[in-house]
Amino acid sequence: MNRNVGIVIVSHSPDVAKGAADMVRQMVGKDVPLAWCGGDPDGRLGTSVDAIEKALQTAWSDRGVVIMVDMGGAETNSEMAIERLPEKKRAKVVVCNAPIVEGSVMAATESSGGSPLDKVRHAAEELYPRM
Amino acid sequence: MSQDERALRATGFTMLTHEHGFHARPSIMLTQLAKQFSAKVWIGLSDNGPWTDAKSIARVMALKAPQQTMVFFAAEGTDATDAVSALVRLVQSDFTSSKDQ
């Protein structure tokens, strides 16, 4: 079982999502459950509820998971993916309101120290007040 | 300086020689190391502050300390001395050693 909060990175572009995940792995390390997804099922820019659902399973931690999104549909599709989870898991997933790259690195840094879900979310959102 | 057992306080400082100052990677390493201690840990660019929470990645990155800056650490808690010496070592090692105690 993972002792650290997981991170899921959801971008319209698979390149952006993978690049942000690479930054997390190289800068923060391997102590954080991490998954990314991007692009729609036809390979165009977009996001997919199925892919997000799968990423949530990959990065799952009983301490919770934060989802980092880029814009628009990434957030609504993430919320739909959360709704597919069993009820007791749903409360452990939050979508962060933060820039996807910086937010992912900051959330992962906080998570790597063993912080709980709300602190990980706060670290990602700290410099960027809710719009 | 108070040496009360429950609230040990320690301070230390060193020169930041890292080529690019406190950029992303060094900030992350410093924050991760600070988090390994139960003491409260602060970092500052002068010996009388202002002090920044060394466990907050956003705040440590926002310091933007350039190369050849003196960095100061202060810690309060039972492992304060260990925390300060570990952080000083990390900076002195030019951020090559991180997880050592």
Side-chain angles (χ1 to χ4, degrees), chain A residues 2-7 9 16 18-34 61 63-68 94-131, chain B residues 16 18-43 45 50-65 71 73 75-80 82-87 89-91 93-101:
Chain A
N2 290 306
R3 61 183 179 92
N4 291 333
V5 171
I7 316 264
I9 301 172
V16 169
K18 181 179 183 302
D22 285 345
M23 283 181 70
V24 168
R25 276 287 176 253
Q26 286 177 36
M27 299 176 104
V28 181
K30 293 178 180 165
D31 295 338
V32 179
L34 176 69
S61 160
R63 306 269 328 266
V65 177
V66 293
I67 306 182
M68 312 304 306
V94 293
V95 179
C96 287
N97 200 312
I100 191 163
V101 177
E102 296 90 328
S104 296
V105 171
M106 290 193 178
T109 303
E110 189 68 34
S111 169
S112 71
S115 294
L117 183 63
D118 61 331
K119 284 196 75 177
V120 173
R121 177 190 203 166
H122 179 76
E125 297 181 344
E126 191 169 1
L127 289 181
Y128 306 90
R130 283 193 163 271
M131 284 174 278
Chain B
L16 178 65
H18 195 66
E19 191 179 354
H20 301 294
F22 262 165
H23 277 211
R25 180 81 182 118
S27 299
I28 291 167
M29 292 176 76
L30 190 134
T31 307
Q32 285 181 320
L33 183 59
K35 282 174 176 294
Q36 292 175 21
F37 299 91
S38 62
K40 289 181 178 172
V41 189
W42 298 272
I43 179 172
L45 303 181
W51 296 103
T52 296
D53 179 359
K55 296 183 185 185
S56 163
I57 179 59
R59 286 172 208 177
V60 172
M61 272 193 195
L63 268 182
K64 296 198 166 91
V71 291
F73 297 106
E76 218 171 83
T78 49
D79 54 1
D82 292 343
V84 167
S85 61
L87 289 165
R89 271 206 309 278
L90 175 69
V91 177
S93 78
D94 207 23
F95 299 91
T96 53
S97 68
S98 68
K99 306 255 160 140
D100 60 339
Q101 281 295 306

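All chains are named by letter (A, B, ...) in the order of the sequence lines, taking the proteins before the strands, and each is independently numbered beginning at 1.
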**Request:** Below 4.5 Å from any heavy atom of chain B, which atoms of A/Glu102 appear? Answer side chain, backbone, both or neither.
**Result:** neither
**Rounded distance (nearest 0.5 Å) linking atom CE of A/Met27 with atom OG of B/Ser27** = 8.5 Å
**Request:** Can you measure from NZ (A/Lys119) to NZ (B/Lys55) and round to the nearest 0.5 angstrom?
**Result:** 7.5 Å
**Message:** When you compare the side chain of A/Glu110 with that of B/Thr31, does any pair of heavy atoms fall below 4.5 Å?
**Reply:** no
**Request:** Kindly indicate whether the side chain of A/Ser112, heavy atoms from C-beta on, has any atom under 4.5 Å from the side chain of B/Lys35.
**Result:** no
**Fill in**
Smallest heavy-atom separation, B/Ile57 atom then A/Met106 atom, equals CG2-O, 3.8 Å
